[in-house]
Amino acid sequence: MDSRFSRAWVEVDLDALVANAQTLISRSGKPLLPMVKADGYGLGAVRVCRALQPLKPWAFGVAALSEAEELRAAGIETRILIFTPVLPDQFEDVRRLRVVPTLGQPELIKAWVNSGGGAWHLAIDTGMHRAGIEWWRVNDVVELVRAHPPQGAFTHLHSADANDGSMALQQQRFVDAVGQLPARPATLHVENSPGLERQAPSPWDVVRPGVFLYGVGGGEGSNLSPKPVAHLRARIVELHEVRAGEGVSYGGTWRPPEPRRVATLSVGYGDGYRRAFSNCGYVLLNGKRAPVVGRVTMDMTVIDVTDVPCATGDVATLIGTAGDDQVDINRLSEDASLLAYEVLTGLKLRAPRIYVGADA
Ligand SMILES: *Cc1c(COP(=O)(O)O)cnc(C)c1O
């Protein structure tokens, strides 16, 4: 037996990833700048980039130079933008890796130009106060921009998942800020995944989705829903009878009043199946649903299988689809008061990734 399937694994459906990308291309009418930071949101940046390559992305977005290094080492030649500010002592590596920096501080732009220059994007802050030149301070970079025009300019939306008017306000500030520049940079970009769900077609030149590509999104107020990409599966390693009144797992937080049959799965928070799913998640098993009972531990998770015929070795699905049923990562995370982004990027520790579809 293939040892990758011996305990717990994450199946990554590259066809679903590509389908989600196509959904966003047709919705926005614009090329993608897929965000592949944090190792492709935990699903493997190199495989994600290779699968998306046939869609001719305008660039890939990373957060760390080590991520760009990994993509270049794998032979990916597409343009790469880095969205976390880089400091001057990293400019040499930025150039070596042919990465396009996003700059928003006058001093940093000067340092970039003085160290040899090259393509860069102007980061404009329109209300997030994290990175970039504030929209009301753009005048401070006008002369630099005139002398060394950026290839593009962008802003980042802070609350596009909320229907609070902030997206319109941020875009208005962006329009005003760009209007103060001596010339319109060729490539303007604004929308992240929630922004794309809220606005179509895109009024900008390229779009910058991350999480939707990987199967997270489609919440309230959206008429798009992504196909699930990550499927967490694990095997039953033991079956037990629990007597009435006995407690299951650490702290004995689940204590059935009548005898129950439980199964132990070889997966836990050491694999990214979060402790917050204790007594809250459920799994798909042999065409039925079985609830997680007691606390999720580092290596094992117990489920109540009293109503589900099963045997050791059977495969349970903790996140994603099995047959016609689904554990939706969006719902599961919400029920556990977690952000689906965190759950997704957390699925990367010990469970190996198994790729299916596209170039797998
Ligand atoms: C992460 C990130 C995105 C993508 O955000 P999602 O919500 O995952 O779509 C877009 N732009 C920037 C600058 C980011 O840091």
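Whatever order the structure lists ligands and atoms in, that order sets their numbers, starting from 1.
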**Q** Heavy-atom distance to atom 9 (O) of ligand 1: which of Ala160, Ser193, Ala63 wins?
**A**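 Answer by nearest heavy atom: Ser193.
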**Q** Does any N or O of ligand 1 fall below 3.5 Å from an N or O anywhere on Met35, backbone included?
**A** no
**Q** Please identify which atoms of ligand 1 are closer than 4.0 Å to at least one heavy atom of Val211.
**A** 6 (P), 8 (O), 9 (O)
**Q** Please answer whether the main-chain N or O of Val308 pairs with a side-chain N or O of Lys288 as donor and acceptor at a distance below 3.5 Å.
**A**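 Not confirmed, Lys288 side chain does not pair with Val308 backbone.
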**Q** For ligand 1, is there an atom lying under 4.0 Å from some heavy atom of Met128?
**A**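 It does not, in that no heavy atom of Met128 comes within the 4.0 Å cut-off of ligand 1.
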**Q** Between Pro209 and ligand 1, find which residue part has any heavy-atom pair under 4.0 Å and reply side chain, backbone, both or neither.
**A**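 Backbone only; the side chain of Pro209 stays clear of ligand 1.
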**Q** Looking at ligand 1, would Phe212 count as a contact under a 4.0 Å heavy-atom criterion?
**A**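 Distance cut 4.0 Å: Phe212 fails for ligand 1.
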**Q** Are Arg98 and Glu77 within salt-bridge range, i.e. N to O under 4.0 Å?
**A**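 Judged by the 4.0 Å cut-off on N to carboxylate O distance, Arg98 and Glu77 do form a salt bridge.
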**Q** What protein heavy atom lies closest to atom 7 (O) of ligand 1? Include the residue and the distance to one decimal.
**A** Tyr341 OH, 2.6 Å
**Q** Under 4.0 Å from a heavy atom of Pro194: which atoms of ligand 1 are those, numbered in the order shown and with their elements?
**A**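 Those qualifying, in numeric order: 7 (O).
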**Q** I'd like to know if Asp271 and Arg7 make a salt bridge, using a cut-off of under 4.0 Å between side-chain N and carboxylate O.
**A** yes
**Q** Does Arg353 come within less than 4.0 Å of Asp39, counting only side-chain N to carboxylate O?
**A**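 Asp39 and Arg353: salt-bridged.
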**Q** Please determine if Lys37 and Glu67 form a salt bridge, counting it only when a charged side-chain N lies under 4.0 Å from a carboxylate O.
**A** no
**Q** Return the CD1 to CH2 distance between Ile124 and Trp135, rounded to the nearest 0.5 Å.
**A** 12.0 Å
**Q** Considering Arg208, Lys37, His156 one by one, which has a heavy atom nearer to atom 2 (C) of ligand 1 than any of the others?
**A** Lys37
**Q** In plain terms, say whether Arg243 and Glu246 are close enough for a salt bridge, that is, a side-chain N and a carboxylate O under 4.0 Å apart.
**A**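 Glu246 and Arg243: not salt-bridged.
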**Q** Taking Glu143 first and then Arg146, would you say they form a salt bridge - that is, a charged N and a carboxylate O separated by under 4.0 Å?
**A**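 Salt bridge: yes.
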**Q** Give the atoms of ligand 1, by number and element, whose distance to some non-hydrogen atom of Tyr41 is under 4.0 Å.
**A** 1 (C), 4 (C), 5 (O), 6 (P), 8 (O)
**Q** Is the contact between Arg130 and ligand 1 made by the side chain, the backbone, both, or neither, using heavy atoms and a 4.0 Å cut-off?
**A**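 For Arg130, the contact with ligand 1 is made by the side chain alone.
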**Q** Do any nitrogen or oxygen atoms of Gly210 lie less than 3.5 angstrom from nitrogen or oxygen atoms of ligand 1?
**A** yes
